[in-house]
Visitor: 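What follows is a structure written as structure tokens; I'll ask about it next.
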Number of protein chains: 2
Amino acid sequence: MDAEVIQGLGRCGTCPVRHSGLCNALTSDELARFKSIANLRAFQPGERIFLSDERSEFFSAVFTGVVKVTKILFDGRQQMVGLLMPPDCLGRVYGRTNPFFAEAATQVELCCFPRDRFENMLEEFPDLKQRLLEQTLDELDSAREWMVLLGRKTAEERVASLFLILASRTTTTVKDQSLGAERKTLELHLRRDEIADFLGMTYETVCRQITALQKQGLITKLGRRRFSVVDIDALSQAAG
Amino acid sequence: MDAEVIQGLGRCGTCPVRHSGLCNALTSDELARFKSIANLRAFQPGERIFLSDERSEFFSAVFTGVVKVTKILFDGRQQMVGLLMPPDCLGRVYGRTNPFFAEAATQVELCCFPRDRFENMLEEFPDLKQRLLEQTLDELDSAREWMVLLGRKTAEERVASLFLILASRTTTTVKDQSLGAERKTLELHLRRDEIADFLGMTYETVCRQITALQKQGLITKLGRRRFSVVDIDALSQAAG
DNA sequence: CGATCTGTTGACGGCAGTCAAGTCAAGTGG
DNA sequence: CCACTTGACTTGACTGCCGTCAACAGATCG
């Protein structure tokens with residue numbers, strides 16, 4: 001057996017894509033073949049992954065880190081349309097290009113597949129295509145939820161919604177020494193202006209609303225981008 | 001041959017779903033089988049198609065008319081997340097339910113397939129599943145474009161964008177008698193408050209911005225919901 | 001012809017955007 | 001080790017866009 005493949009399978013062992021993402025649709029034999037066409041690429045924070053309207057040669061899955069997908073209007077206004085974390089997928093199959101721009105928000109590792117070979121695999125493994133369809137449907141649902149936020153929610157509700165979403169995706173529960181109670185801590189990963197792009201507002205307003213949520217005692221600040229959720233029910237209420 | 005099927009195939013002959021939608025992926029033999037599990041259902045304007053979080057027994061394609069998909073917040077605020085016209089599809093495969101509400105905006109005819117039998121067909125005809133995947137990807141892209149509109153565009157840009165989208169989807173070009181030039185006429189289908197739900201604003205603001213676009217000479221009003229686009233480049237500019 | 005639904009326009013106020021100053025933390029170089 | 005710079009974040013003052021409330025105008029229909 002080839003050393004590279006062994007190493008590849010080794011990394012798959014701890015990969016979130018393997019266990020809850022696309023690769024979960026594959027048997028270990030299939031995975032071995034799948035892995036043979038993949039390679040891992042690393043990106044620094046702020047580094048471009050693909051440009052708007054660029055025909056990307058790769059389809060990829062997020063292995064580690066956070067990826068922003070945004071659209072920039074002619075005058076510089078910017079709106080984030082996707083925030084990808086492991087085990088989400090990035091890239092468009094079947095040859096269309098999109099007017100969106102992908103960028104590493106943190107240090108990122110992507111598991112990349114050449115586009116045409118990935119598409120062949122899709123034909124060969126129906127379960128894989130099935131899985132991709134299901135993930136796309138889920139993404140469409142979240143995009144629609146996000147449309148509700150952008151179209152109808154107030155600034156405070158938007159920020160509360162963000163904390164709620166991140167709390168459900170990325171928290172680690174830790175003992176609170178003073179109370180002996182467990183609290184969910186979460187990491188924003190993004191700067192204030194990136195959050196603003198995500199929520200469709202300005203970074204000053206993001207600041208003010210984070211402060212407001214603290215004053216109401218729903219969250220507490222542990223670091224610039226680190227918070228703990230004090231009252232998740234009240235937060236959910238505040239999110240609408 | 002069964003009379004119902006004959007009639008069914010007859011109607012497929014003029015169906016947009018057949019020619020540019022899902023059914024385009026099928027051969028005529030396959031279509032005959034597909035058609036045998038379908039039935040046409042009619043809805044009046046304002047009639048509910050499915051409720052939020054309801055597990056719908058049908059997957060369907062829009063044959064005629066316009067369908068709104070909306071989410072309603074606890075306090076009555078409402079946001080449209082999809083506006084479906086022939087040959088778009090409606091409904092969620094693979095058993096998830098969604099917190100969205102579908103309603104006929106005009107008189108609507110839906111070509112309905114029992115959900116489980118439709119899912120079986122998807123397995124049987126890979127081209128059909130392929131087609132569904134591609135349509136879903138396109139829908140995700142439009143949802144993202146919509147997020148940009150909701151998050152970052154001004155009231156005037158939103159209304160201009162709406163006219164632009166409808167101009168590209170549903171116009172009929174007619175001779176302008178006075179100028180001898182051709183103009184695109186379009187039909188809004190929706191009431192002002194429905195447009196407002198679509199654009200994430202109030203219906204009063206929609207009115208004002210429509211008036212503003214008329215005063216700028218970009219569009220002219222032919223009827224309550226009927227307009228013609230005078231200057232499509234300027235409109236495109238105004239849309240951002 | 002009145003009732004009702006839909007669309008238009010005006011006056012006013014508030015939420016969030018803009019502009020600006022200031023704080024804080026983490027480098028960097030002397 | 002300290003002055004200085006830089007980038008990220010916070011807070012304040014003011015403004016303006018758009019939402020709210022309200023009156024009115026047209027259209028449609030029994």
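Side chains are part of it too, since the values below use all heavy atoms of this structure and drop only hydrogens, waters and symmetry mates.
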Visitor: Roughly how many Å is it from CG in B:Leu150 to C1' in D:dC18, rounded to a whole number?
Guide: 15 Å

Visitor: Could you give the CD1-to-P distance, from B:Ile210 to C:dT6, as a whole number of Å?
Guide: 15 Å

Visitor: Using atom CZ of B:Arg226 as one end and atom P of C:dG7 as the other, report the distance to the nearest whole Å.
Guide: 15 Å

Visitor: Distance alone, cut at 3.5 Å: any donor-acceptor contact between the side chains of A:Thr136 and B:Thr136?
Guide: no

Visitor: Taking for each residue the nucleotide of DNA chain C bearing the nearest heavy atom, is the 5' side occupied by B:Tyr203 or by A:Thr154?
Guide: B:Tyr203

Visitor: Salt bridge or not for A:Arg96 and B:Asp141, using N-O below 4.0 Å?
Guide: no

Visitor: A:Lys153 side chain N/O closer than 4.0 Å to the phosphate oxygens (OP1, OP2) of C:dC15?
Guide: no

Visitor: Under 4.0 Å, counting only non-hydrogen atoms across every strand here, what does B:Arg225 touch: a base, just sugar-phosphate, or nothing?
Guide: sugar-phosphate

Visitor: On DNA chain C, compare the nucleotides closest to B:Cys207 and A:Ala155; which residue's is nearer the 5' end?
Guide: B:Cys207

Visitor: How many Å lie between CZ on B:Arg77 and C1' on D:dG19, as a whole number?
Guide: 12 Å

Visitor: Identify whether any heavy atom of A:Arg192 sits under 4.0 Å from a base atom; if not, whether one sits that close to sugar-phosphate; answer base, sugar-phosphate or nothing.
Guide: sugar-phosphate

Visitor: I'd like to know if A:Arg208 reaches the base of D:dG12 with its side chain, counting only an N/O donor and acceptor under 3.5 Å.
Guide: yes

Visitor: Taking the six-membered ring where the residue is Trp, are the ring centres of A:Phe50 and A:Phe101 under 6.0 Å apart?
Guide: no

Visitor: Taking for each residue the nucleotide of DNA chain D bearing the nearest heavy atom, is the 5' side occupied by B:Met201 or by A:Arg224?
Guide: A:Arg224

Visitor: Does the ring center of B:Phe227 lie less than 6.0 Å from the ring center of B:Phe163?
Guide: yes

Visitor: Nearest whole Å is fine: how far is D:dC9 P from A:Asp193 CG?
Guide: 7 Å

Visitor: Is there a side-chain contact between A:Ser56 and A:Arg92, using heavy atoms and a 4.5 Å cut-off?
Guide: no

Visitor: Please determine whether a side-chain nitrogen or oxygen atom of A:Thr205 lies at a distance below 4.0 Å from atom OP1 or OP2 of C:dA16.
Guide: no

Visitor: Specify the separation, in whole Å, of atom CD of B:Glu156 and atom P of D:dC17.
Guide: 11 Å

Visitor: Write down the distance between CD (B:Gln209) and C1' (D:dC17), rounded to a whole number of angstrom.
Guide: 10 Å

Visitor: Report yes if at least one side-chain N or O of B:Lys221 is closer than 4.0 Å to OP1 or OP2 of C:dG7; otherwise report no.
Guide: no

Visitor: Would you say the base of C:dT6 and the side-chain of B:Arg191 have a donor-acceptor pair closer than 3.5 Å?
Guide: no

Visitor: Would the base of D:dC21 count as contacting B:Glu204 through its side chain, where contact means a donor and an acceptor less than 3.5 Å apart?
Guide: yes

Visitor: Within the 4.0 Å heavy-atom criterion, would you say A:Arg158 contacts the bases, only the backbone, or no part of the nucleic acid?
Guide: nothing

Visitor: Nearest whole Å is fine: how far is D:dA8 C1' from A:Leu190 CG?
Guide: 14 Å

